[in-house]
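Remarks on the structure that follows.
Along the sequence shown, the residues carry numbers beginning at 1. What you see is a predicted model, and the numbers here were worked out from it, not measured in a lab.
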Amino acid sequence: MTLVLAEIALAESTVGKTRACSAAKLDQIGALLANNPDYQITVESYTDNKGDQSALEQLTQDRARVLF
């Protein structure tokens, strides 16, 4: 199964924080995982290629980490 959370789920395009409106969906995913400990997930994130490469890599990591 693949679940895609649109960029709009992020508070700002340059900040690794979620919007309040995303909380309900993320809570549902969290409950599903808590009730099914054998499930495994992979979190992926990306940015465009505009700007400093190091900063973009950090932003990508921050975006993925915010889901944990």
Side-chain angles (χ1 to χ4, degrees):
M1 172 173 58
T2 301
L3 173 65
V4 177
L5 296 175
E7 175 99 17
I8 199 163
L10 298 170
E12 296 178 32
S13 63
T14 59
V15 179
K17 296 181 181 179
T18 59
R19 291 178 186 244
C21 63
S22 301
K25 182 177 276 189
L26 294 173
D27 286 346
Q28 289 176 339
I29 296 167
L32 176 71
L33 293 171
N35 291 324
N36 298 280
D38 56 318
Y39 284 11
Q40 295 182 10
I41 64 167
T42 300
V43 176
E44 297 179 359
S45 178
Y46 65 92
T47 64
D48 59 23
N49 62 353
K50 298 176 184 172
D52 177 69
Q53 185 65 32
S54 178
L56 292 173
E57 288 177 16
Q58 184 63 51
L59 177 58
T60 298
Q61 298 239 346
D62 291 346
R63 286 178 172 177
R65 201 173 290 121
V66 75
L67 297 177
F68 286 99

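Rounding to the nearest 0.5 Å places CG of Leu33 at 10.5 Å from CD of Gln40.
For the 3.5 Å distance criterion, the side chains of Glu57 and Gln53 qualify, holding a donor opposite an acceptor.
Between the side chain of Asp52 and the backbone N or O of Ala55 there is at least one donor-acceptor pair closer than 3.5 Å.
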